Q: 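Can you keep this structure in mind? I'll have questions shortly.
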Protein chains: 2
Amino acid sequence: MTSVSDQPSTARARVTIREVAREAGVGIKTVSRVVNGEPNVAAATAERVRETIARLQWEPDAHASNLRRTNTRTRTLGLLLGSVDNPFAATIHRAIEDVAIHRDVAVFASSLDEDPAREIAAVEAFVRRKVDGLILTCAAGSQSYLAEVVPPEVPIVFIDREPADFTADTVRSDNLGGSTLATRHLLAQGHRRIAGLFDRSAIWTSQQRREGFARAMAEYGVAPDQLDAMSDLTTPQAAEATVLELLGSPTAPTAIFSAQNRITVGAVHALRKLGRQHDVALVGFDDVELADLIDPGITVVAQRPAAMGQAAAERLFEQLDARRAGDPLPAVDAVLPVDLVCRGSGEIRPSAPTD
Amino acid sequence: MTSVSDQPSTARARVTIREVAREAGVGIKTVSRVVNGEPNVAAATAERVRETIARLQWEPDAHASNLRRTNTRTRTLGLLLGSVDNPFAATIHRAIEDVAIHRDVAVFASSLDEDPAREIAAVEAFVRRKVDGLILTCAAGSQSYLAEVVPPEVPIVFIDREPADFTADTVRSDNLGGSTLATRHLLAQGHRRIAGLFDRSAIWTSQQRREGFARAMAEYGVAPDQLDAMSDLTTPQAAEATVLELLGSPTAPTAIFSAQNRITVGAVHALRKLGRQHDVALVGFDDVELADLIDPGITVVAQRPAAMGQAAAERLFEQLDARRAGDPLPAVDAVLPVDLVCRGSGEIRPSAPTD
DNA sequence: AGTCTTTGTGACAACGGTGTCATCCGGTAG
DNA sequence: CTACCGGATGACACCGTTGTCACAAAGACT
């Protein structure tokens, strides 16, 4: 029953600041000064220390350093996304990484799956790891818990969705305007029976998009209670089934507004199955890959996920700098525009069968 | 010019293990025992300590803990991917996260962009942050640098691509078999002039797929020097341009094997532009989203990225456990099968125009 | 009853850095 | 010539936790 300490011979004693100091013939504090760029070190001394560090291949131990530091910076950032494998979220992720890498900041990424419990657990895990800042997509109904869980010096930027019961910077798309735009586009083609397909109604973006849909319909005189709005479609399969059912009904819609990318995919599948893709109009919220290769091309309201990610990361670092300087910046709600991309499916007119 | 220490009144003195101990009327070591699940604590004592921890909302300081621990575990893992926004990589990422979360391990994800320098920089950044293990997709020609940079107790699992000059666990697809399969599929339809489109030849998977392509062609008696194999297609645009050019030539191919998902996208675009999507056969390596909605559906050799991610993560944790127990496991090269998914584009026969 | 284990527990050092402060020293003003 | 000043530097405590070890109390065995 051997004890812990029988490491293989590879046990090259790890080099610490003390050895560097001894080797360079200076005090440990001077080494510390050099690596941290503190003033009051003679140029010659600094050079000698740097040379020794390079020779011994010493890397300061982040844990020791962070333990002592009051102004703890781990050069680490927590990112919470719907799911890292959703293309929309992945693009955001990439954009954030590109900003962070310039600061030598590493990104913890975590998936949410629209689960409020997971949101809180993820944030707690980030905080436990002492991240410098947080970029969050939220699922919980209220973000008030953040006040207790996240230390005041850790900045938070919300992305994609607005928080509730908590004030912080937010970067998001113009969901209301975008869905109004999409719906108006269909209405302008002459459609009146338009089905709106939405994600979980607990999700903020879903609510916003539904609201935009309803407003546009109202502009054209469609009463709220006549809206064919289906919510809580959480999978492409659910969306597909819903569309199949809707189109089989006597009051079938002539157009569909699908308010999320996976719902759009489901809707396209359903239209295909029925062979009605040239017959029923479709506008989706959020772009889908290869949307231009499908026949007809899918008309969408495209968001700008890369810009969102970049804006969120930059804002986070601004807050970080400002707080270190002593005065946090006031929270800003940044709204990014969306773009209507016409590719064919949204330009189909009612009761105009395939030519 | 105020100094650092003028924090706002919110300076709620952070609670440490000492306060918990005092409050619970025990020694600090006992508190430590309780939180770490060490044996030899009386049930009653443990309960009292747990209650106190909950009441004071104490969270152990990870830095202090990691600093002291010999067997340092940060519950952190470094993941290096081609790019976090590539769907293939994103799926892997998600699968790894799902395994890691059960162990309360957080994942640092970083993108590679096929840049050897970035590979090294990313690994160094991970090591500096004392990750427990690494899952790497590699771009550099040699991974020998890992021996110097990564401490021997940190396990490494390679994913998607085999390393060079370094031995460690690897989880990857059967690239050779998959591309042979794809090429044979086209050959079996009667095609002989098949264009093979490949990614950067420096990338291991690209080489493997090219080799598989060449082997299958050789089986059917096509000499290597007659192969229409184009390498170093790094963007969909480059692939598109290449296909446009190839199909304009007098010896135009009747089929295309596109060895990577972005190349497939480019090839499909080109075929569309020429209106020959029903005329020229196409098999891609790696699945593409919505491939079944395009007409014709794109036939692909699909990898199993989720299974790869899961296998890699599980292997990493096995190594971790084994090393903590004292004996590292021998390196294993796990090869996952690929699946030929026929959707139409690969079943087009030569000189058979659209019906 | 006396000795040996086992179990529960806390005192204290150690981890590898950074913050504070004292000290040394050459230059400059009085 | 002396007092003073600021730059350069190192000694040492300290950050919050875990590892080691000593020790008391309670059983287990002879």
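A note on names: the letters A, B, ... follow the listed sequences, proteins ahead of strands, and every chain is numbered from 1. From a predicted model like this one, the values you see are computed outputs, not experimental measurements.
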Q: Within the 4.0 Å heavy-atom criterion, would you say A:Asn40 contacts the bases, only the backbone, or no part of the nucleic acid?
A: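 Base contact.
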Q: Check for a donor-acceptor pair, side chain of A:Glu97 on one end and backbone N or O of B:Ser111 on the other, with a separation under 3.5 Å.
A: yes
Q: May I ask you to decide if the ring planes of B:His63 and A:His63 are parallel, tilted or perpendicular, using 30° and 60° as cut-offs?
A: tilted
Q: D:dT18 phosphate, OP1 or OP2: any side-chain N/O from B:Ser32 under 4.0 angstrom?
A: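 Answer yes for this pair, as a side-chain N or O of B:Ser32 is under 4.0 Å from OP1 or OP2.
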Q: Check the distance between D:dG19's C1' and B:Glu38's CD and give it to me in whole angstrom.
A: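 These atoms are roughly 9 Å apart.
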Q: Please check this pair: side chain of B:Thr74 against backbone of B:Lys130, looking for a donor-acceptor N/O pair closer than 3.5 Å.
A: yes
Q: Rounded to whole angstroms, how far apart are CD1 on B:Ile53 and P on D:dT17?
A: 10 Å
Q: Expressed as a whole number of angstroms, how long is the span from B:Lys29:NZ to D:dA22:C1'?
A: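 So the NZ-C1' distance, B:Lys29 to D:dA22, works out to 14 Å.
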Q: Can you check whether A:Asn36 has a side-chain N or O nearer than 4.0 Å to OP1 or OP2 of C:dT18?
A: yes
Q: Please tell me if B:Trp58 has a side-chain N or O lying less than 4.0 Å from either OP1 or OP2 of D:dG16.
A: no
Q: Could you tell me the separation between the CG atom of B:Asp61 and the C1' atom of D:dC14, rounded to a whole number of Å?
A: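 After rounding, the gap between these two atoms is 14 Å.
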Q: From CD of A:Glu59 over to P of C:dG17, roughly how many Å is that when rounded to an integer?
A: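 The answer, rounded to whole Å, is 10 Å.
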Q: Among C:dT9, C:dG17, C:dT18, which nucleotide has an atom closest to any side-chain atom of A:Ala64?
A: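 Per side-chain heavy atoms of A:Ala64, the pick is C:dG17.
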Q: Quick one: does A:Arg68 reach the base of C:dT18 with a side-chain donor-acceptor pair under 3.5 Å?
A: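 Yes, the side chain and the base share a sub-3.5 Å donor-acceptor pair.
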Q: Which nucleotide wins on minimum distance to the side chain of A:Arg18, given the candidates C:dG16, D:dG10, C:dT9?
A: C:dG16
Q: Nearest whole angstrom, please: distance from the C1' of D:dT9 to the CZ of A:Arg22.
A: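 After rounding, the reported distance stands at 19 Å.
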Q: Is the distance from OP1 or OP2 of D:dT9 to the nearest side-chain N or O of A:Thr45 less than 4.0 Å?
A: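 For A:Thr45, the contact criterion (side-chain N or O under 4.0 Å from OP1 or OP2 of D:dT9) is met.
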Q: Classify the ring geometry of A:Phe158 against A:Phe166: parallel below 30°, tilted from 30° to 60°, perpendicular beyond 60°.
A: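 Perpendicular.
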Q: If I take atom NE2 in residue A:His63 and atom P in nucleotide C:dG16, what distance separates them, rounded to the nearest angstrom?
A: 12 Å
Q: When you get a sec, tell me which of C:dG17, D:dG10, C:dG10 is the closest nucleotide to the side chain of B:Arg33?
A: C:dG10
Q: Using whole Å, what does the distance between atom P of nucleotide D:dG19 and atom CD1 of B:Ile17 come to?
A: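 Distance, rounded to whole Å: 11 Å.
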Q: Could you tell me whether B:Arg161 and B:Glu114 make a salt bridge, using a distance below 4.0 angstrom between a side-chain N and a carboxylate O?
A: yes
